[in-house]
**Q** 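My questions all concern the structure below.
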Amino acid sequence: MEYTNLQYFLFKIGNLLNSAIFAILVAVILATAIVVYFFAQASHDNPKLSESKLKKIKTCQKISLFIFGMLIVILFIGRYFSDGIDDPNTVINDKKTRVIAKGKVLKVNHRKGTMIILPNGKKSSGSVIKITPNESHVMLGTPNMKKYDGTHIFKNQLNKIDVGDYVKIQNHQYIFKYKNHSKFSEDKKTEKQVKQINDYDVNGEVVKTKSNPYKYSYIYGLNS
């Protein structure tokens, strides 16, 4: 998806309308317009003023009303068209599913919803992956994230997994929504965060791929 010049223009307009400086400027202009209007209104019936001065006061009164009306129109139209416009550096989850790990289940507690997975099914492959219930979803920019943080399993998968079964962990990578985002705004900080969160393989989902091939033969031996 490509980001357009019109989107960028409306995005900048939205930023301006939502800025503190613009809010202060609008407040000052409105206050000035209101003061001028009521001052002109109070001076209108003053018999000491000459005809030329009264005309100038009426002109100032009309100008203040015009400014007040234009600001209202600008705010309404500007917010209407700029509302919901994406930042060029908007980050989303890729629709493609990516397998980030495969392994063998060492332990599983169906009641507590916990699981320990041995990556690649080999003890020499390194650290195990621990699955705990209510694992927090890792957001972009989350500090101190670790490998496989946010990995979770849905109950329908948990119920059919036993010790010795094989599983895979899959997720959706974070990507920039607009391919040409750097043309409008090169955000090094966001680029670094996207790379980091993808490198740590977070927010994975555990899915069973194959049952323990020795499970049923083991049960048969017990019953024979």
**Q** Identify the two heavy atoms, one from Y166 and one from S211, that lie closest to each other, and give their separation to 0.1 Å.
**A** CD1-O, 4.3 Å
**Q** Would a distance-only check, ignoring hydrogens and angles, find a side-chain to backbone donor-acceptor pair under 3.5 Å from N120 to G103?
**A** no
**Q** Do F66 and V73 sit in the same hydrophobic cluster, where Ile, Leu, Val, Met, Phe, Trp and Tyr count as joined when their side-chain heavy atoms come under 4.5 Å apart?
**A** no
**Q** For the hydrophobic clusters of this structure (ILVMFWY residues joined by side-chain heavy atoms under 4.5 Å, transitively), does one cluster hold both I85 and L75?
**A** yes
**Q** Is K188 salt-bridged to E186, cutoff N-O under 4.0 Å?
**A** yes
**Q** Are I197 and Y200 linked, directly or through intermediate hydrophobic residues, by side-chain heavy-atom contacts shorter than 4.5 Å (ILVMFWY only)?
**A** yes
**Q** Specify whether Y8 and F184 have parallel, tilted or perpendicular ring planes, treating 30° as the upper limit for parallel and 60° as the lower limit for perpendicular.
**A** tilted
**Q** Count I, L, V, M, F, W, Y as connected when their side-chain heavy atoms are under 4.5 Å apart, and connections chain through other members. Are Y178 and I92 then in the same cluster?
**A** no
**Q** Nearest 0.5 Å, please: how far is CD in E205 from OG1 in T97?
**A** 8.5 Å
**Q** Starting from the C-alpha separation in whole Å, work towards a yes-or-no answer on side-chain contact (heavy atoms from CB on, under 4.5 Å) for V194 and F176.
**A** CA-CA 8 Å; V194 169; F176 284 98; 4.2 Å; yes
**Q** Which atom pairs, donor and acceptor, lie under 3.5 Å between side-chain atoms of residues 11-29 and protein residues at least two apart or in another chain?
**A**
unit_1, atom_1, unit_2, atom_2, d
N18, OD1, R79, NH1, 2.8
N18, ND2, G14, O, 2.9
S19, OG, L16, O, 2.7
S19, OG, F22, N, 3.3

**Q** Any chance you could lay out the side-chain contact (heavy atoms from CB on, under 4.5 Å) test for I169 and I117, step after step, and finish with the verdict?
**A** CA-CA 10 Å; I169 301 175; I117 301 169; 4.3 Å; yes
**Q** Show the numbers, then the answer: is there a side-chain contact (heavy atoms from CB on, under 4.5 Å) between D187 and E191?
**A** CA-CA 6 Å; D187 190 342; E191 288 179 0; 5.6 Å; no
**Q** Are I116 and I129 packed together at the side-chain level, in the sense that at least one heavy-atom pair is separated by less than 4.5 angstrom?
**A** no
**Q** Starting from the C-alpha separation in whole Å, work towards a yes-or-no answer on salt bridge (charged side-chain N to carboxylate O under 4.0 Å, His left out) for D165 and K104.
**A** CA-CA 6 Å; D165 288 348; K104 187 177 182 179; over 6 Å; no
**Q** In this structure, would I100 and M115 fall into the same cluster of hydrophobic residues linked by side-chain contacts under 4.5 Å?
**A** yes
**Q** Between D201 (side chain only) and Y148 (backbone N and O only), is there a donor and an acceptor less than 3.5 Å apart?
**A** no
**Q** Atom OG1 in T4, atom CZ in F9: separation rounded to 0.5 Å?
**A** 12.0 Å
**Q** Assign the ring pair F154 / H152 to parallel, tilted or perpendicular, where the plane angle (0 to 90°) is split at 30° and 60°.
**A** perpendicular
**Q** Sub-3.5 Å donor-acceptor pair from the side chain of D149 to the main-chain atoms of K146, do we have one?
**A** yes
**Q** Using a 4.5 Å cut-off on heavy atoms from C-beta on, say whether the side chain of V128 contacts that of L106.
**A** yes
**Q** Taking all heavy atoms of M145 and all of M139, pick out the closest pair and write down the distance.
**A** CE-O, 4.4 Å
**Q** Hey, could you give me the CG/CG distance between L158 and N109, rounded to the nearest 0.5 Å?
**A** 8.5 Å
**Q** Under 3.5 Å, side chain of N203 to main-chain N/O of H137, donor-acceptor pair present?
**A** no
**Q** Counting neighbours of CG on N93 that are heavy atoms of other residues, nucleotides or ligands and sit closer than 6.0 Å, is the number greater than 12?
**A** yes
**Q** Any side-chain donor paired with an acceptor under 3.5 Å for T132 and E135?
**A** yes
**Q** What heavy-atom pair brings L10 and F81 nearest, and what distance separates the two atoms?
**A** CD1-O, 3.7 Å
**Q** Taking all non-hydrogen atoms of both residues, which atom of Q170 and which atom of V207 are closest, and how far apart?
**A** NE2-CG2, 3.8 Å
**Q** If you define the side chain from C-beta out and look only at heavy atoms, does anything of I161 sit under 4.5 Å from V167?
**A** yes
**Q** On a heavy-atom basis, which atom in K112 and which in P133 lie closest, and how many Å separate them?
**A** O-CG, 3.3 Å
**Q** Any side-chain heavy atom of V206 within less than 4.5 Å of one from Q157?
**A** no
**Q** Let me confirm one number: the NZ-CG distance from K160 to D162, rounded to the nearest 0.5 Å.
**A** 12.0 Å
**Q** To the nearest 0.5 Å, what is the distance between CG (D199) and NZ (K195)?
**A** 4.0 Å
**Q** Would you kindly say whether T190 and N89 are connected by a side-chain donor-acceptor distance under 3.5 Å?
**A** no
**Q** Does S82 reach the main-chain N or O of G78 with its side chain, forming a donor-acceptor pair under 3.5 Å?
**A** yes
**Q** Has K147 got more than 12 heavy atoms of other residues, nucleotides or ligands less than 6.0 Å from its NZ?
**A** yes
**Q** How long is the straight-line distance from CD1 of I153 back to NZ of K208, given to the nearest 0.5 Å?
**A** 10.5 Å
**Q** How far apart are the C-alpha atoms of E2 and K179, what are their side-chain angles, what is the distance that settles it, and do they pass the side-chain contact (heavy atoms from CB on, under 4.5 Å) test?
**A** CA-CA 6 Å; E2 298 287 328; K179 295 179 180 179; 4.1 Å; yes
**Q** Do the side-chain N and O atoms of Q173 and D94 include a donor-acceptor pair separated by under 3.5 angstrom?
**A** no
